[in-house]
Amino acid sequence: RTSLQRTGSSRSSETGIDMADVSTPTKEYNACAPAWATVDALWGGTRTMREAGKEYLPREVAESEPHYLERLQRSVMFNGYRDAVTRIVSKPFSRVVNVNGYELLDPRLQLLADDCDTLGTSLTQFGRELMEDAVRYGVAHFLVDYPKGVEAVNLGQEREAGIRPYFVRISPLDAIEVSADRVRVKDSMVGRDGEWGQKTVQVVRVYEPGSWRLFDDKGARQAEGTFPFAELPVLSLYFRRAFGHYAEPTLEDLAWLNI
């Protein structure tokens, strides 16, 4: 279960020094996080609701702990919330998404229709995933990315090498800052640990108009670069905007009825 908790103030009460760093979520994110955590737990069904324990299945006043745990393990939930979201999301994408003026597009952009993320995801499926985020969390984000570390002098070389933009879906749970001129996204990178092991490193990606930066879990800048366009590379779709650039779950009332 995704755990999203309200964080305390980023200012130390003892020293008065601002303790915020690149990984510190905004106040707006923290305000929306509890509602997102509720629908996220509900989305996982019986298993995640059992893991949440007393948060959503309180212990009765005269109930002993052993009896409560026994009742908890017997409790099951019909996931009407997830069923409703799935039905809403499926209907608009029951047909394949068509791109107007497709034949006039650059051949590299035509590839987006069948593979918009370089992982084989069609534009129809990607749109469905974005709408699912928007229904669940009230907002959906995606990044327009471009291959890094590939040298191409001119447009002809880019076409020959197959260099093209692609989309990356960003979970609203990971977008710890969203504003008109900056987006910060928490992420994880898996690398080798010794010969056979693996280790996960938490990172923060910062996107600004025409540029990006990568920070490690200690706040040190590890990499940076630019995009071949001047705009902010992250776009958002809102279904239930709460305030600013943040949103509340679209079907939150239904979620509570299911609980």
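Listed for the R184 side chain is a donor-acceptor partner under 3.5 Å among the backbone atoms of T24. R240 places no side-chain N or O within 3.5 Å of a backbone atom of A247 that could act as its donor or acceptor partner. Put simply, the side chain of D181 never gets that close to the backbone of E208: no donor and acceptor are under 3.5 Å apart. Looking at T250, its side chain does come within 3.5 Å of a backbone N or O of V135 through a donor-acceptor pair. One N or O on the side chain of T38 and one on the backbone of P34 form a donor-acceptor pair closer than 3.5 Å. In terms of modelled atom types and a separation under 3.5 Å, the side chain of Y166 and the main chain of P147 share no donor-acceptor contact. Judged by distance alone, with hydrogens and angles left aside, the side-chain atoms of D106 form no donor-acceptor pair with the main-chain N or O of Q110 at under 3.5 Å.
Considering CG of L72 and NE2 of H67, their distance stands at 14.0 Å, rounded to 0.5 Å. With rounding to the nearest 0.5 Å, the separation of CG in L69 from CZ in R50 is 12.0 Å. Considering CG of D217 and OG of S23, their distance stands at 8.5 Å, rounded to 0.5 Å. Once rounded to the nearest 0.5 Å, the distance linking CZ of F167 with CG of L143 reads 10.0 Å. Between the CG atom in D117 and the CZ atom in F142 there is a gap of 12.0 Å [rounded to 0.5 Å]. Taking CZ of R182 as the reference point, atom CD of E177 lies at 4.0 Å (rounded to 0.5 Å).
Using a 4.5 Å heavy-atom cutoff, the side chains of Q125 and E129 are in contact. The closest side-chain heavy-atom distance from H245 to V139 is not below 4.5 Å. With a 4.5 Å cut-off on side-chain heavy atoms, L109 and P165 count as touching.
A salt bridge does not link D174 to R205: none of the charged nitrogens lies less than 4.0 Å from a carboxylate oxygen.
More than 12 heavy atoms of other residues, nucleotides or ligands lie within 6.0 Å of NZ in K54, so this atom counts as buried by the packing criterion. Within a 6.0 Å radius of CD in Q198, no more than 12 heavy atoms belonging to other residues, nucleotides or ligands are found.
In terms of heavy atoms, P25 sits closest to N30 at CB-OD1, 3.6 Å. Listed here is the closest heavy atom pair of Y146 and R108: OH-NH1, 4.1 Å. Of all the heavy atoms in A41 and Y56, the pair that sits closest is CB-CE1, 3.9 Å. Residue N258 comes nearest to Y81 through the heavy atom pair OD1-N, 2.8 Å, listed as atom of the first residue, atom of the second, then distance. The two atoms that bring C116 and F126 nearest to each other are SG-CB, 3.4 Å, heavy atoms only. Pairing each heavy atom of A134 with each of A140, the nearest pair is N-CB, 4.0 Å.
Hydrophobic clustering (side-chain heavy atoms under 4.5 Å, transitive across Ile, Leu, Val, Met, Phe, Trp, Tyr) keeps V99 apart from V96. F93 and V85 fall within a single hydrophobic cluster, where Ile, Leu, Val, Met, Phe, Trp and Tyr side chains are chained together by heavy-atom contacts under 4.5 Å. Linking ILVMFWY side-chain heavy atoms closer than 4.5 Å, directly or via other members, places L254 and M49 in a single hydrophobic cluster. Placement of I88 and L257 in two distinct hydrophobic clusters is found when ILVMFWY residues are connected by side-chain heavy-atom separations under 4.5 Å, directly or transitively. Linking Ile, Leu, Val, Met, Phe, Trp and Tyr whenever their side-chain heavy atoms come within less than 4.5 Å puts L42 and W256 in one cluster.
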Check: For V178 and Y246, what are the C-alpha separation, side-chain angles and deciding distance, and is it a side-chain contact (heavy atoms from CB on, under 4.5 Å)?
Finding: CA-CA 8 Å; V178 180; Y246 288 85; 4.2 Å; yes
Check: What's the verdict on side-chain contact (heavy atoms from CB on, under 4.5 Å) for I259 and M77, showing C-alpha distance, side-chain angles and the deciding distance?
Finding: CA-CA 8 Å; I259 293 174; M77 184 193 70; 5.8 Å; no
Margin query: Determine whether K218 and D21 satisfy the following criterion, salt bridge (Lys or Arg N to Asp or Glu O under 4.0 Å), listing intermediate values before the conclusion.
Written below: CA-CA 9 Å; K218 297 180 177 60; D21 59 30; over 6 Å; no
Checklist line | Residues L112, L105; criterion side-chain contact (heavy atoms from CB on, under 4.5 Å); working and verdict | finding: CA-CA 10 Å; L112 292 173; L105 291 175; over 6 Å; no
Next item on the list: May I have the step-by-step check of side-chain contact (heavy atoms from CB on, under 4.5 Å) for W43 and E132, ending in yes or no?
Entry: CA-CA 12 Å; W43 183 264; E132 182 179 290; 3.8 Å; yes
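Scanning for salt bridge (Lys or Arg N to Asp or Glu O under 4.0 Å) contacts around R82 gives an empty result, with sequence neighbours left out.
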Pair up each side-chain donor or acceptor in residues 222-237 with any protein partner under 3.5 Å, not counting sequence neighbours, and list the distances.
{"residue": "Q222", "atom": "NE2", "partner": "D216", "partner atom": "OD2", "Å": "2.9"}
{"residue": "E224", "atom": "OE1", "partner": "R221", "partner atom": "NH1", "Å": "2.8"}
{"residue": "S236", "atom": "OG", "partner": "H141", "partner atom": "ND1", "Å": "2.7"}

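Classified by interplanar angle (parallel below 30°, tilted 30° to 60°, perpendicular above 60°), the ring pair W36/Y137 is perpendicular.
A ring-ring contact (aromatic ring centres under 6.0 Å, His included) check over residues 168-204, counting only residues at least two apart or in different chains, returns nothing.
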